[in-house]
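Data first, discussion second: the structure below is written as structure tokens.
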Amino acid sequence: MYEKPHIVSSALISETRVFKIEELQLEFPNGVRTRYERLKSSPYGSVIVVPMLDANTVLMIREYAVGTQRYELGLPKGRIEEGEDPLLAANREIMEEIGYGAKRLQSLCTLSVAPSYIESRTELVLARDLYAQRLRGDEPEPIEIVSWSMDKLSKLVERTDCTEARGIASLYIARDYLNREMNGS
């Protein structure tokens, strides 16, 4: 096991409504000192949800992504609020984004994005036994809901409008989990 570097100092160097940039001065066990910058995320993390309409059908959403400047097909996701359990956050997000709640919610793993540069933690939640339940969300326009067969994930990732790595990884992780569960392994 490697010994982690010591944080000599940290300072918030820029902040917007959405992002915080932090500068860290680190000293490694070998005596080397260096400076890093990272995007700080919410201290509560976020969730990404694989909502299963039935044993083989996932409900996805198509919404505008300002980063790519186009409509993207992906999974419901969002921030965990202060004091909110990740499973409750996942259920709230699917109620807001797809109009369903889930009777069975299960955390499968934790994902990160660009861990060298972004402090992020996203809980992957599998949602099953869905029931109609809509909550008002903060989206600026209605979100399109798209049903997709888990048997056709390779066709999904060939599309030019489904590119988010967390979402793609989440679908494959959930598919493999469901297959193991079905096969009793």
Side-chain angles (χ1 to χ4, degrees), residues 17-20 39-68 71-115 118-153 156-157 159 161-182:
R17 182 180 60 81
V18 176
F19 298 108
K20 293 180 183 179
L39 285 176
K40 286 191 62 75
S41 295
S42 163
Y44 314 113
S46 62
V47 292
I48 189 164
V49 188
V50 178
M52 299 300 297
L53 186 60
D54 59 40
N56 195 47
T57 307
V58 62
L59 294 179
M60 301 182 71
I61 59 173
R62 184 184 328 275
E63 64 182 336
Y64 185 72
V66 71
T68 57
Y71 283 85
E72 289 274 339
L73 189 57
L75 293 170
K77 59 192 154 303
R79 286 192 321 233
I80 299 171
E81 302 297 334
E82 182 177 0
E84 190 175 39
D85 176 87
L87 296 179
L88 291 177
N91 214 24
R92 175 182 49 76
E93 287 296 335
I94 61 173
M95 288 178 191
E96 292 174 359
E97 295 185 9
I98 64 170
Y100 284 91
K103 293 178 185 172
R104 285 197 309 167
L105 296 155
Q106 183 174 7
S107 183
L108 297 183
C109 67
T110 303
L111 303 170
S112 66
V113 177
I118 303 173
E119 175 196 41
S120 70
R121 186 183 83 253
T122 302
E123 292 295 319
L124 166 54
V125 177
L126 179 62
R128 295 185 274 183
D129 297 338
L130 302 183
Y131 59 92
Q133 180 70 48
R134 173 147 319 267
L135 289 179
R136 184 180 174 141
D138 59 0
E139 288 74 23
E141 64 181 356
I143 296 175
E144 179 185 355
I145 301 165
V146 177
S147 299
W148 197 271
S149 171
M150 293 291 267
D151 292 336
K152 297 180 179 171
L153 288 186
L156 180 66
V157 299
R159 296 173 59 112
D161 65 344
C162 182
T163 63
E164 193 213 1
R166 285 182 311 170
I168 293 168
S170 295
L171 288 165
Y172 278 99
I173 292 166
R175 183 199 62 186
D176 290 352
Y177 176 85
L178 291 167
N179 285 342
R180 283 191 310 273
E181 185 179 75
M182 190 174 60

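Just so it is clear, the values below take in all heavy atoms, side chains as well, and ignore hydrogens, waters and symmetry mates.
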*asked:* Just to verify, what does E81 make a side chain to side chain contact (heavy atoms under 4.5 Å, CB included) with, not counting sequence neighbours?
replied: R79, E84, R92
*Are any of the side-chain heavy atoms of V58 and P51 separated by less than 4.5 Å?*
yes
*Quick one: closest heavy-atom pair of E96 and E139, and the distance?*
O-OE1, 4.4 Å
*Do E93 and V125 touch side chain to side chain, with heavy atoms closer than 4.5 Å?*
no
*asked:* If we count only N and O atoms by modelled type, under 3.5 Å, do the side chains of S120 and S112 hold a donor and an acceptor together?
replied: no
*asked:* Is there a side-chain contact between L59 and L130 in this structure, where contact means two heavy atoms from C-beta onward sitting under 4.5 Å apart?
replied: yes
*Hey, does E97 have a side-chain heavy atom less than 4.5 Å from the side chain of V49?*
no
_Close side-chain approach of L75 to M60, heavy-atom, < 4.5 Å_ = yes
_Sole residue of L171, T110, L108 in side chain to side chain contact (heavy atoms under 4.5 Å, CB included) with L124_ = L108
*Where is the tightest heavy-atom contact between E119 and K40, given as atom of each residue plus distance?*
OE1-NZ, 3.3 Å
*Should the heavy atoms of other residues, nucleotides or ligands under 6.0 Å from CZ of F19 be counted, would the total exceed 12?*
no
*asked:* With a 4.5 Å cut-off on side-chain heavy atoms, are I80 and S42 touching?
replied: no
*Short side-chain donor-acceptor distance under 3.5 Å, Y177 and Q106*: yes
